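These values consider heavy atoms only, across backbone and side chains, with no hydrogens, waters or symmetry-generated copies. Note that the structure is predicted; figures quoted are calculated from it, not measured.
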Amino acid sequence: MEQGGIRVRTARNEDYPAIQRIANAAPDSGAVQFNREHHVLGAYGPDGVNDQVLTVVAEATDKPGLLGSAKLSLGECRFAGAWTRYGLLGALAVHPAHRRRGVATALARHRIQLATESAGEDVLVLANIQAGNEASTAAARWWATGSAGQMTVIPVPMRRRPPRGRPDLLIRPAEEADLEQIAAALLGRGYDLGHRWDPERLRSWLAASPLPQPVNHYLVATDRSGRLLAGLGLREEGRLQSLVVRHAPLSIRLANRVLHVIPPDGRLRNVVADKVWFAPGHLDDARHLWQAVRWEWRERGSTVFTNHDPRGPVHAVVNTPWWLPSAKATVLVRSRRPANPDTIIDPML
């Protein structure tokens, strides 16, 4: 795609060092400014959640060098009471030397065109935009028709001491025999933007890794008879990329002196927690599972990262104190059907 002296195309392997340089020079400009530092360049293959993940780049038609880059994830989710194909726009970065030239718009147009070619004119277009990121909000005004809701983003530090023991509760990795019940529990939540989970999709997600070792895991809490009571998924994102905090508001910087959420080098090595569910009446068991992860996984990351709808039960599971630093993100959408403002939404990452 070419327009106004800008060419947008799918990234090639040799582009990824330049993509990283752009990311370093162009941190997210929201309330918390950060950039992604990739440890496995080009690791955007099948992830077991999205059907396809693409990286696109923008370059000038009259000179070499990249101007910007972005990611597009394609798949199917529930939205406004129906299953629909989506195109998730993410990881937009434009080099500061090339801003205000239409690069961000060109990257958005190309990704929306790819999503439309893949799924038709009714494709649901989405983007997560951090509060305070005025540039990304302005860039989305021409395509967004509304909002699906708001997410709370909280990097929770690992525990320094183990949680109180629960001899009545066993925490273990999910087994093959558990997958049908886990998938049914996830699907049964009925969240907007939720995926159509089934045992095969869970297997694909658990197996998806750009490394020789797994990076996706699922843990369950059971009673002593083996009955499943709660579960959550974990992704060792810190092995693939770090979030490098470039600037944070004064309130977060002051709180960090006590809480140590952001490491001294500014690099968050997140263990991403999602796909949370618990059986009716077993909120306390889900909370214990969450606290156990914060202790038992302390060597695998600096923080447990959660991105969730604050109206949903996950917020009660995480149960973070009000003074723990957090951020907000709005999920902007382009859709012919309006979102239901009363429906809880799942994170789209």
Side-chain angles (χ1 to χ4, degrees), residues 9-28 32-59 65-75 87-95 107 111 114 128 130 153 155 158 173 195 201-219 232-246 262-263 265-275 293 297-307 347-349:
R9 59 170 174 80
T10 302
R12 299 186 284 262
N13 287 339
E14 59 266 28
D15 293 322
Y16 285 98
I19 291 171
Q20 183 63 66
R21 289 193 294 271
I22 292 172
N24 294 344
D28 186 294
V32 179
Q33 297 182 14
F34 65 90
N35 66 270
R36 294 172 175 82
E37 183 178 86
H38 294 277
H39 309 313
V40 183
L41 296 183
Y44 286 148
D47 60 9
V49 177
N50 303 286
D51 295 339
Q52 189 177 12
V53 182
L54 303 171
T55 302
V56 299
V57 295
E59 59 190 1
L66 299 186
L67 312 177
S69 66
K71 189 169 74 168
L72 171 66
S73 303
L74 300 169
L88 174 64
L89 314 183
L92 172 66
V94 177
H95 195 282
L107 286 165
R111 287 179 292 166
L114 290 176
N128 298 306
Q130 186 190 178
V153 182
M158 297 296 187
H195 290 85
R201 182 177 287 274
L202 280 172
R203 288 188 204 99
S204 296
W205 176 75
L206 288 167
S209 175
L211 303 174
Q213 308 82 20
V215 295
N216 296 329
H217 312 267
Y218 203 91
L219 300 184
L232 61 80
L234 297 169
R235 178 175 175 82
E236 295 182 84
E237 193 70 24
R239 295 173 61 192
L240 308 181
Q241 64 177 11
S242 298
L243 292 187
V244 184
V245 178
R246 301 297 185 184
I262 304 173
D265 64 357
R267 287 169 168 79
L268 292 173
R269 297 179 296 108
N270 290 315
V271 175
V272 177
D274 62 3
K275 306 175 186 62
V293 166
W297 285 57
R298 64 193 181 279
E299 301 298 330
R300 303 201 194 193
S302 61
T303 46
V304 185
F305 182 90
T306 172
N307 178 29
M348 295 284 284
L349 300 175

Visitor: Strictly distance-based, threshold 3.5 Å: is any side-chain N or O of Glu59 a donor or acceptor partner for the main-chain N or O of Leu67?
Guide: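 Not at all, since once roles are kept as given, no pair shorter than 3.5 Å links the two residues.
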Visitor: What residues, two or more places apart in sequence or in another chain, satisfy side-chain hydrogen bond (donor to acceptor under 3.5 Å, both in side chains) together with Arg21?
Guide: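 By the side-chain hydrogen bond (donor to acceptor under 3.5 Å, both in side chains) rule, Arg21 matches no residue at all.
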Visitor: Taking all non-hydrogen atoms of both residues, which atom of Pro173 and which atom of Leu219 are closest, and how far apart?
Guide: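 Closest approach of Pro173 to Leu219: CA-CD2, 3.8 Å.
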Visitor: Picking from Asn50, Leu89, Val49, what satisfies side chain to side chain contact (heavy atoms under 4.5 Å, CB included) with Ser73?
Guide: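 Exactly one pass, corresponding to Asn50.
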Visitor: Do Thr303 side-chain atoms and Phe305 backbone N/O form a donor-acceptor pair below 3.5 Å?
Guide: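 Here the side-chain-to-backbone pair does not exist.
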Visitor: Applying side chain to side chain contact (heavy atoms under 4.5 Å, CB included), can you list everything that pairs with Glu299, at least two apart in sequence or on another chain?
Guide: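 Side chain to side chain contact (heavy atoms under 4.5 Å, CB included) list for Glu299, sorted by chain: empty.
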Visitor: Going by side-chain hydrogen bond (donor to acceptor under 3.5 Å, both in side chains), name the residues that satisfy it together with Asp15, two or more places apart in sequence or in a different chain.
Guide: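 Arg9.
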Visitor: Drop me the distance from Asn13's CG to Thr55's OG1, to the nearest 0.5 angstrom.
Guide: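 Result: 10.5 Å between the selected atoms.
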Visitor: For Arg36 and Ala91, work out which heavy atoms get closest and say how close.
Guide: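 That closest heavy-atom pairing would be NH1-CA, 4.2 Å.
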Visitor: Might you point out which heavy atoms bring Leu66 and Ala18 nearest each other, and give the distance in Å?
Guide: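 Answer, listing the atom of Leu66 first, then Ala18: CD1-CB, 3.8 Å.
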Visitor: Sequence neighbours excluded, which residues qualify as salt bridge (Lys or Arg N to Asp or Glu O under 4.0 Å) partners of Arg239?
Guide: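 Partners of Arg239 by the salt bridge (Lys or Arg N to Asp or Glu O under 4.0 Å) criterion, ordered by chain and then number, come out as Glu236.
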Visitor: Would you please name every residue forming a side-chain hydrogen bond (donor to acceptor under 3.5 Å, both in side chains) with His95, sequence neighbours left out?
Guide: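 In terms of side-chain hydrogen bond (donor to acceptor under 3.5 Å, both in side chains), with neighbours along the sequence ignored, His95 is linked to no residue.
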Visitor: Do the side chain of Ser302 and the main chain of Arg269 share a donor and acceptor less than 3.5 angstrom apart?
Guide: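 Yes, because the side chain of Ser302 sits within donor-acceptor range (under 3.5 Å) of the backbone of Arg269.
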Visitor: So Lys275 and Arg235, do their side chains get closer than 4.5 Å, heavy atoms only?
Guide: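 No; the side chains remain at least 4.5 Å from each other.
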Visitor: Which residues satisfy the ring-ring contact (aromatic ring centres under 6.0 Å, His included) test with Trp205, sequence neighbours excluded?
Guide: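 With sequence neighbours excluded, Trp205 shows a ring-ring contact (aromatic ring centres under 6.0 Å, His included) to no residue whatsoever.
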